[in-house]
Protein chains: 2
Amino acid sequence: MREEETFVVPPLGGQSAEPPEGGTTNHIERLKLACQNAGLRMTHQRMEIFREVAQTDEHPDADTILKRVRERMPTISHDTVYRTLSSLEDMGLISRVDPVCGRARYDANSDAHHHFICTECGCIADVYLNDEIPLPEGIENLGRVESLHLQIRGMCHNCKNN
Amino acid sequence: MREEETFVVPPLGGQSAEPPEGGTTNHIERLKLACQNAGLRMTHQRMEIFREVAQTDEHPDADTILKRVRERMPTISHDTVYRTLSSLEDMGLISRVDPVCGRARYDANSDAHHHFICTECGCIADVYLNDEIPLPEGIENLGRVESLHLQIRGMCHNCKNN
DNA sequence: CTTAGTGCAAACGCTTTGCACTGAT
DNA sequence: ATCAGTGCAAAGCGTTTGCACTAAG
């Protein structure tokens, strides 16, 4: 997996129901509200870290987030990033994407969606399904199904052409 | 995630196309053949490790495999387990299951299948889909799709009742 | 003022690697 | 006899934790 991928999701045909996501400014409002609900304090660090994850669809890893936040906040430490990502996840503001192999990646897109993951460069793109995934009938015998996570693995456009 | 899960896949209704898997003895033959093709040597360690993964549907992690193989082969080292799992994966004999969170798990079931993963105890069960997963039309714009990995997350029967 | 959150440093857990010995071919 | 594979030990890497200081409420 390469280090810094600036993967931009190519325009997908008539594929996806677009996320109902609002503008960029209400990220702070969403965070503020979520912190209040969870009884957590609203700190500069939390704001900057959430902003960084919410601003992009690149699914950055912890280290990438650290580097970007440091540009505006040079004293922030890497453990604060890890702790904050963890609490943002607990608040349901972001989710952790289990990578093909390697470090965890974070996603602030809270709409039901899946991921295309390039096995070459590790870039991740959001994918929206129009139809439901057909689970087998006996699935409840295994347990209560809570969520579906589909990883569509392959080679991305960029890697194919290089 | 607990340490030693002895999760047994419950009988699933009319759910799954059973894997065409043969008996237990031909594991050694499969390994021998694969090693020859790959130009690798056939060692006791490789045999024992592959046997351990091929014998169970528990999707054990590296450490569990180490412990079990040590019962018959007390001097085997943990790095040999990691190296061997890696080469078995390269040969296509086993595959690595990205866990919900935590250590990698291994699977010798080479039929197209997906996984039910309990977010409580971490147990993994194989799931066979009768119907195809409906990918969106524009998916090729993202890249060449090579494989689909569906994680059905939830709480398993055992954890639900405890 | 109180106590959650931060930064530092050090530890942690899983995995990988350098090296010399062992054993499969 | 040769060299891939092994075992040992130590390092590597992402992530987590203990502690005292800082700052949000």
Side-chain angles (χ1 to χ4, degrees), chain A residues 1-4 28 31-50 59-67 69-70 72-91 93-94 96-106 122, chain B residues 1-4 28 31-50 59-67 69-70 72-91 93-94 96-106 122:
Chain A
M1 197 190 278
R2 288 177 210 155
E3 50 220 310
E4 279 287 325
I28 292 120
L31 177 59
K32 200 174 274 177
L33 215 78
C35 282
Q36 282 171 2
N37 288 340
L40 300 179
R41 291 178 185 172
M42 177 68 174
T43 65
H44 288 150
Q45 288 86 342
R46 277 209 241 271
M47 258 175 54
E48 291 299 331
I49 290 167
F50 180 53
H59 306 73
D61 59 38
D63 195 55
T64 302
I65 295 164
L66 173 64
K67 281 178 190 143
V69 172
R70 276 216 169 132
R72 271 165 294 121
M73 212 177 201
T75 63
I76 198 170
S77 65
H78 78 153
D79 45 289
T80 296
V81 172
Y82 280 107
R83 267 188 286 233
T84 301
L85 288 171
S86 179
S87 51
L88 292 176
E89 201 188 353
D90 290 343
M91 289 188 266
L93 290 171
I94 65 173
R96 192 186 178 124
V97 182
D98 291 320
V100 175
C101 200
R103 50 188 86 166
R105 309 266 300 244
Y106 291 87
Chain B
M1 196 189 277
R2 289 177 210 155
E3 50 221 309
E4 279 287 326
I28 290 119
L31 177 58
K32 200 174 274 178
L33 215 78
C35 282
Q36 282 170 2
N37 288 341
L40 300 179
R41 293 177 183 171
M42 177 69 173
T43 65
H44 288 150
Q45 287 86 342
R46 277 209 241 272
M47 258 176 53
E48 291 300 330
I49 290 167
F50 180 53
H59 305 74
D61 58 37
D63 197 54
T64 302
I65 295 163
L66 173 64
K67 281 177 190 145
V69 172
R70 276 217 169 133
R72 271 166 291 122
M73 211 179 203
T75 63
I76 197 169
S77 65
H78 77 151
D79 46 289
T80 296
V81 172
Y82 280 107
R83 268 189 285 233
T84 302
L85 288 171
S86 180
S87 51
L88 292 176
E89 201 187 352
D90 290 344
M91 288 188 265
L93 289 172
I94 64 173
R96 191 187 178 123
V97 182
D98 291 319
V100 175
C101 201
R103 51 188 85 165
R105 309 267 300 246
Y106 292 87

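Just the heavy atoms: all of them, side chains too, but no hydrogens, waters or symmetry mates, feed the values below. A, B, ... follow the sequence lines: proteins, then strands. Residue 1 opens every chain.
- Between the NE2 atom of B:His44 and the C1' atom of D:dA4 there is a distance of 16 Å, given to the nearest Å.
- Within the 4.0 angstrom heavy-atom criterion, only backbone atoms of the sugar-phosphate kind lie near B:Arg46; the bases stay farther away.
- Under 4.0 angstrom from either OP1 or OP2 of C:dG7 there lies at least one side-chain N or O belonging to A:Thr80.
- Nearest-nucleotide positions on DNA chain D for A:Ala62 and A:Arg83 put A:Ala62 closer to the 5' end.
- Atom C1' of nucleotide C:dG7 and atom CD1 of A:Ile49 are separated by 12 Å, given to the nearest angstrom.
- Among the nucleotides C:dA4, C:dA9, D:dA10, the one closest to the side chain of A:Arg41 is C:dA4.
- From B:Met42, atom CE reaches atom CG of B:Leu33 across 10.5 Å, with rounding to the nearest 0.5 Å.
- Atoms CG and CG, on B:Leu40 and B:Asp90 in that order, are 8.5 Å from each other to the nearest 0.5 Å.
- At least one donor-acceptor pair closer than 3.5 Å links the side chain of A:Arg105 to the backbone N or O of A:Gly122.
- Of the candidates D:dA4, D:dT16, C:dG7, D:dT16 carries the atom nearest the A:Tyr82 side chain, counting heavy atoms from C-beta on.
- A donor-acceptor pair is defined here as one N or O able to donate and one able to accept, closer than 3.5 Å; such a pair exists between the side chain of B:Arg46 and the backbone of B:Arg41.
- Whole-Å rounding puts the B:Leu66 CG to D:dT6 P distance at 13 Å.
- When heavy atoms are screened at a 4.0 angstrom cut-off, B:Thr75 is found touching the sugar-phosphate backbone but no base atom.
- A sub-4.0 Å separation between OP1 or OP2 of D:dA23 and a side-chain N or O of A:Gln45 is absent.
- Going from atom CE of A:Met42 over to atom C1' of D:dG25 covers 14 Å, rounded to whole Å.
- Within 4.0 Å (heavy atoms only), A:Asp79 reaches at least one base atom of the nucleic acid.
- A sub-4.0 Å separation between OP1 or OP2 of D:dT6 and a side-chain N or O of B:Thr43 is present.
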